[in-house]
Amino acid sequence: METGSSVSKGTFAYKGKKRSIDADQYFKRSDTLGTYRQRLDVLQEAWENIDTQIQILRSDLNSKIFDDLVKFAKSSHESFTLGGGQIDSTPKEIPTAAFVTGVNTPDHGVMFSTLVTTLQDKVSPLVAILKSKDCNSVKNTLSKTLTQLFQNPLLFSEDDEAIPGKTKNMTCSMSTLVSWYQDKYNTNNSSPKKRKSLGGGSKDLGQYPPIVILFEDLESFLPHVLQDYISICRNYIGEIPLVFVFGIATSVSAVHRLLPNAVSSMLCMEKFQAPPSTEYLNMVINQILMTSRYPFKLGSKVFQLLLDIFLYHDFSVLNFIKGLQFAMMDHFFTNPVSHLCCSLEELEDRVTSLKPKEVEQVRRLMSFRGFVEGCPPSKQEDMLLNDKVTKSEFVVLLRRIHTYHSHLYPVLKCLHIMVSKIPKHPLGKQLREVYSRLLKSFICDTEDYKECVELLRMTSKDELMDLLQQCRSSLTEDLPPDLSTLPSDLDALLDRFLKIDEVTEEEKPENTEESLHLEKTDLHTLRKRLQEEGKKKKKLSPYEKLRNETIDFFDSLFRKYLVCPTSLPLYEIFYYDAWGEIKRHLNASPRSVVQMALSSPHHYLQCKCCESEPGSVTPSMPDICIAYKLHLECTQLINLYDWLQAFVTVVTTDEDLDEEKIKNPDKELQARFIRAVSELQFLGFVKPTKRKTDHVARLTWGGC
């Protein structure tokens, strides 16, 4: 019996089409204060702004590599002519772009869809994209290619007569494509009406636009299908201008693993490297999360969890963005006063319009309770009982958080520049690592920060001046008023370093050696004298004094502005840190959930008849739960007949139980058992084995 075969054939339900949920009704279900409409409006506006910025970042990141691919596709067949093929008589090879995209496969779909649109706009409307799941044979591959080329609406005008009919009845061969291409683009034999239609719809893309075929996931294609397809296309390279784009997730060597030398020699390959996904992630974090333009922020645990999923699971920035979107949605959905997470211009109006119940909800926040406890007793009473005083205090505290954000990120970039080149990187190598530490606690009180400060006090003049210049260049012109003098302060420090005179006046050393050797002394006295000489403070040079002054300046700057956000009152309105919800939805462990459901079905079915002691089995449980609990008692190989007898013993009542029925159960019990076993196989708990035909192998251990 094959490993992939099932012990039974089953019928599985069709779920049907997905039903969209009305966001208005979804928010309204959990509303307790009547603020769902305001929260939904703030959420939609905030996400639209963030999504627009993300699209801009994606286009800027891929613009250079896309321009290179466009240039390659345009220049591949510049000398092509119909009927004569290429002008020169060199061996015919298919121009191929080896596009190394990286291992972040979830992001490839968006990247290739954007690439297809770019190629259609700038190179040729004849673009087809192939995926391995649709190309399990050469016939299917040719069919997908012809279908996408013939049914492209960009090729035809409204009165074009060359629109092909149904592609299902068409012969799927390259000769069909050659005939169609020559008929459409052979302007010498075409009618004036057809030439007009070609000239109007080609967007000045040349007389003979190339046919670009993209392979999105090259490593997943069947080798023999890919080899045959390339061999067929190579035979027609003189009659139609073909260009291949290979989407490679790993390295170019994957092409040579899939294709033998005889086939790979038919390709003229050029490598193109896409930007790494970590670069895109840094852009998203720096310009979406680490900016004061967007008030919503991620807490330390959620931010670190999303980073861990990216770094240790899929390298997908798209999934990181989806996690950010889910965090925003859950924040505005679960927090009744999250509509205060708005821009600074709308803040005062929203606080003024708060209802008494909403004011009381804000008072219940833990950070505000701690703030009230630290106030004088007279002020405490007003803030707890007088809504007007409380609202005015809300405005002050929320504005303080906005001001904190405007100060935080420029100073944080300076800290990252200062510590990024320190050996072993105590605070992290990337800016996102320093930011993650800041979200957890007051970074200036950590041992790693103190170590960085001590190491900075030993840097050379050239290194320190380079760090100061980088800090100066990182500061933009739109700094807040409190930091407006920071660029001039850094310029003043740089001028002092340039003018400093490092030639120090050497003090005349004391003649310690002579005093030590003038008279005889014992070892203890000599060691004591040496220790006293070592304790004498060395006179600092002008550079060392200026270096200490510079480090002290940055230390005071960091301690003033790089405070932990959780120390600010009302930070819960801006920061989302529900780590458990994010992990449950984005990084769930399905095996533990399935095992819990099979061992304790009453938690999910909400019925008392299925309740039982841990480890016991009751006949009222579903058949799959009974079979699962029985299989936990078995070893690696499970005898199906023994398993069936145990199953019949459990599900049969004491009145109907007899030895004959256990040995020869009726067909209904056999069918129920086979269905339960096949469901366990579908879930991955058992599988057929070749060692014994009447046995199945157990795949999981340590079940509930």
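We're numbering straight along the sequence, starting at 1.
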Peer 1: Does the side chain of R472 pick up a donor-acceptor pair with the side chain of Q469 at under 3.5 Å?
Peer 2: no
Peer 1: If we count only N and O atoms by modelled type, under 3.5 Å, do the side chains of Q53 and N49 hold a donor and an acceptor together?
Peer 2: no
Peer 1: How far apart are the C-alpha atoms of M111 and F66, what are their side-chain angles, what is the distance that settles it, and do they pass the side-chain contact (heavy atoms from CB on, under 4.5 Å) test?
Peer 2: CA-CA 10 Å; M111 181 186 297; F66 284 177; 4.1 Å; yes
Peer 1: When the aromatic ring centroids of F99 and F272 are compared, is their separation below 6.0 Å?
Peer 2: no
Peer 1: May I ask you to decide if the ring planes of F112 and H108 are parallel, tilted or perpendicular, using 30° and 60° as cut-offs?
Peer 2: perpendicular
Peer 1: Can you measure from CG (L439) to OH (Y575) and round to the nearest 0.5 angstrom?
Peer 2: 6.5 Å
Peer 1: For D478 and T476, test the side chains for any donor-to-acceptor distance below 3.5 angstrom and give the result as yes or no.
Peer 2: yes
Peer 1: Passes side-chain contact (heavy atoms from CB on, under 4.5 Å), Y280 versus N62? Steps please.
Peer 2: CA-CA 10 Å; Y280 185 22; N62 295 324; over 6 Å; no
Peer 1: Would you call the rings of Y576 and F296 parallel, tilted or perpendicular, where under 30° means parallel and over 60° means perpendicular?
Peer 2: tilted
Peer 1: Measure the acute angle between the ring planes of Y435 and Y409, then classify it against the limits of 30° and 60° as parallel, tilted or perpendicular.
Peer 2: tilted
Peer 1: Does D387 come within less than 4.0 Å of K391, counting only side-chain N to carboxylate O?
Peer 2: no
Peer 1: Determine all donor-acceptor pairs shorter than 3.5 Å in which one atom belongs to a side chain in residues 306-316; sequence neighbours excluded.
Peer 2:
from	atom 1	to	atom 2	distance (Å)
D308	OD1	Q304	NE2	3.1
D314	OD1	S316	N	3.2
D314	OD2	N319	ND2	2.6
S316	OG	D107	OD1	2.7
S316	OG	L318	N	3.4
S316	OG	N319	N	3.1

Peer 1: Do K379 and E393 meet the salt-bridge criterion of a basic N to acidic O distance under 4.0 Å?
Peer 2: yes
Peer 1: Parallel, tilted or perpendicular, judged at 30° and 60°: which one describes the rings of H585 and F326?
Peer 2: tilted
Peer 1: Determine whether the side chains of T250 and E219 contain a donor N or O and an acceptor N or O closer than 3.5 Å.
Peer 2: yes
Peer 1: Could you go through the side-chain contact (heavy atoms from CB on, under 4.5 Å) check for V411 and L483 one step at a time?
Peer 2: CA-CA 9 Å; V411 179; L483 295 177; 4.0 Å; yes
Peer 1: Please work out whether the ring planes of H402 and H405 are parallel, tilted or perpendicular, with thresholds of 30° and 60°.
Peer 2: perpendicular
Peer 1: Take D41 and F332 through the test side-chain contact (heavy atoms from CB on, under 4.5 Å) and record every step on the way to the result.
Peer 2: CA-CA 10 Å; D41 292 341; F332 286 94; over 6 Å; no
